[in-house]
Amino acid sequence: MRVLIVGGGGREHALAWKIAQSPLVDEIWCAPGNAGTASLAQNIEIKAEDIQALAELAERKKMDLTVVGPEAPLVAGIVDLFRERGLTVFGPSMEAAQMEGSKSFAKEIMLEGGVATGRAEVFTDYDSAAACIEATGHPYVVKADGLAAGKGVIIAQDDKAAYQALKSCFIDREFGTSGEKVLIEEYLEGPEVSILAFVDGTHVLPMAPAQDYKRIDDGDSGPNTGGMGSYSPVPVLTPEDYARAVNEVLYPTALALMKRGIHYKGILYAGLMLTKDGPRVLEYNVRFGDPEIQAILPRLRSDIVEAMLAVIEGKLEDVNLTWTHEPCVTVVVASGGYPGGYEKGYPISGLEESNSIQGVTVFQAGTRLGNQGEVLTDGGRVLAVSALGEDFALARENAYLGAEKISFQDMYYRRDIAARAAGVT
Ligand code: AMP
Ligand code: GLY
């Protein structure tokens with residue numbers, strides 16, 4: 001098979017790495033890819049958002065399967081376009097991708113499916129939203145309805161911050177059309193966990209759970225990022241809560257979509273908060289999580305391509321996923337200054353040394369190849385060092401050993417990834 005992977009981050013390098021292990025696969029292409037995917041696949045300079053050019057490429061190169069990494073092309077309808085052209089593609093349709101593309105749509109589906117989630121009200125103008133602030137208590141959770149590159153959720157600790165959040169959506173239009181609708185949601189508390197599942201319309205096949213770290217600094221402080229680390233499985237998630245999440249969240253969501261005539265096919269990712277009243281959905285994503293998948297895939301023994309094809313064919317019932325018992329810890333290595341401004345183009349050393357440590361795999365994210373074939377920094381999140389180990393303490397030790405071998409100017413990483421899971425704090 002010839003497989004095209006759309007995207008160029010750490011998630012896509014991890015997907016390329018796993019897909020390359022499938023006996024079904026002969027050749028991999030990645031658009032646009034990064035320096036890491038270049039060692040497994042043929043990179044091609046097409047942006048993930050340029051869905052027309054991607055469809056033409058898939059047709060011209062006779063791709064047998066296209067796997068879409070990021071949300072933007074899914075929400076823009078890449079899957080519908082590919083299907084119209086008779087191309088095989090893994091991911092939800094444009095309509096189904098609204099589960100991530102519109103938080104109010106996802107809320108409606110959850111209500112229809114009886115899925116536990118925070119109470120929320122939807123507003124389309126500043127005045128009525130502001131009136132809601134006056135009527136409820138803080139902290140307020142203000143969410144832009146549409147895609148906002150992970151920046152659309154504002155937790156406002158007091159009234160002033162809540163009005164400011166509403167102003168940024170409705171008046172300053174910081175999120176463009178994504179902020180024309182706004183949800184004000186009940187504030188929930190508890191540990192967070194991500195459960196990603198293959199869904200073929202009717203069947204749900206969950207993967208091992210993972211946890212990610214959204215803040216830049218240790219102790220979950222500082223601004224939000226795309227994700228600074230992750231681990232899998234998640235010790236605070238009891239087997240009972242995991243089963244509840246599958247049976248009371250993921251299945252009823254797929255069913256509620258079916259009732260609307262939407263066959264959800266692809267990855268459905270539930271971001272959950274484990275409240276004292278049980279798991280509650282914070283958000284849905286319609287794709288593999290980044291950096292969750294960098295901690296999940298090293299643990300997966302099964303052939304991911306088989307699972308993807310079963311989703312497309314509606315035969316997920318026949319698939320089982322098997323996992324190593326070893327936990328995986330992923331430490332994201334970022335450019336100094338991220339998530340604010342940062343420099344690019346610094347040479348990275350120590351990649352091979354890091355990769356040669358037992359259990360360690362380095363997934364590249366914001367990297368590119370220089371003229372001499374050297375690997376250069378090219379983004380905020382530069383690498384994810386993933387490590388398996390017999391237990392969390394050993395996996396964590398390996399991941400940090402791997403991160404220490406790497407060096408580039410102004411590199412930065414958190415020191416507390418999986419500390420609690422490993423019993424260090
Ligand atoms: P999201 O982009 O929806 O995942 O939200 C980003 C982050 O905001 C989540 O990971 C949570 O930490 C936080 N968050 C979202 N919704 C709520 C809520 N209802 N209560 C408390 N925190 C929330
Ligand atoms: N790690 C969060 C996300 O992929 O959205």
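For the single chain, residues carry numbers from 1 onward in sequence order. Whatever order the structure lists them in is the order used to number ligands and atoms, beginning at 1.
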Considering only heavy atoms of Tyr187, which atoms of ligand 1 have at least one such atom less than 4.0 Å away? 20 (N), 21 (C)
Which atoms of ligand 2 have any heavy atom of Asn285 under 4.0 Å away? 5 (O)
With a 4.0 Å cut-off on heavy atoms, is Lys103 in contact with ligand 1? yes
For Lys143, take its heavy atoms, then give the atoms of ligand 1 lying under 4.0 Å from any of them. 3 (O), 15 (C), 16 (N)
Report the nearest protein non-hydrogen atom to atom 10 (O) of ligand 1: residue, atom name, distance rounded to 0.1 Å. Glu192 OE1, 2.7 Å
Kindly compute the distance separating CD1 (Ile184) from CZ (Arg119), expressed to the nearest 0.5 Å. 13.0 Å
Flag this pair as yes if the NZ/CZ of Arg215 is under 6.0 angstrom from the six-membered ring centre of Tyr213 and inside a 45 degree cone about the axis; otherwise no. no
Among all protein heavy atoms, pick out the one at the shortest distance from atom 17 (C) of ligand 1; state its residue, atom name and that distance to 0.1 Å. Leu282 CD2, 3.5 Å
Around atom 5 (O) of ligand 1, find the nearest protein heavy atom and jot down its residue, atom name and distance. Val153 CG2, 3.3 Å
Could you check whether the rings of Phe170 and Tyr126 sit parallel, tilted or perpendicular, using 30° and 60° as the cut-offs? perpendicular
Nearest 0.5 Å, what's the CG-CG distance between Asn34 and Asn43? 7.0 Å
Could you list which atoms of ligand 2 come closer than 4.0 Å to a heavy atom of Glu292? 1 (N), 2 (C), 4 (O)
Does a side chain donor of either Asp378 or Thr367 reach within less than 3.5 Å of an acceptor in the other side chain? no
Does ligand 2 have any atom that is closer than 4.0 Å to a heavy atom of Gly289? yes
Step through it carefully: locate the ring centre of Tyr269, locate the ring centre of Phe288, and say whether they are under 6.0 Å apart. no
Arg287 touching ligand 2 at heavy-atom level, < 4.0 angstrom: yes
Which heavy atom of Asp145 sits nearest a heavy atom of Ser102, and at what distance? OD2-OG, 3.0 Å
Within-cut-off N or O pair, Leu188 and ligand 1, under 3.5 Å: yes
State whether Arg11 and Glu292 are salt-bridged, where the test is any N-O pair (Lys NZ or Arg NE/NH1/NH2 against Asp/Glu carboxylate O) under 4.0 Å. no
Measuring from non-hydrogen atoms of Tyr269 to any atom of ligand 2, is the shortest distance under 4.0 Å? yes
Please could you name the atoms of ligand 2 that Asp212 approaches to less than 4.0 Å, counting only its heavy atoms? 1 (N), 2 (C)
Between Asp290 and ligand 2, does any nitrogen or oxygen pair lie at a separation below 3.5 Å? yes
Glu390 and His325: side-chain hydrogen bond (donor to acceptor under 3.5 Å, both in side chains), yes or no, with the steps? CA-CA 8 Å; Glu390 192 52 42; His325 69 279; 2.9 Å; yes
Please report which non-hydrogen protein atom sits nearest to atom 13 (C) of ligand 1, along with the residue it belongs to and the distance in Å to one decimal place. Ile155 CD1, 4.0 Å
Examine ligand 1 and decide if any of its atoms is less than 4.0 Å from a heavy atom belonging to Glu189. no
For Glu45 and Pro32 the tightest heavy-atom approach is OE2-CB, 4.3 Å
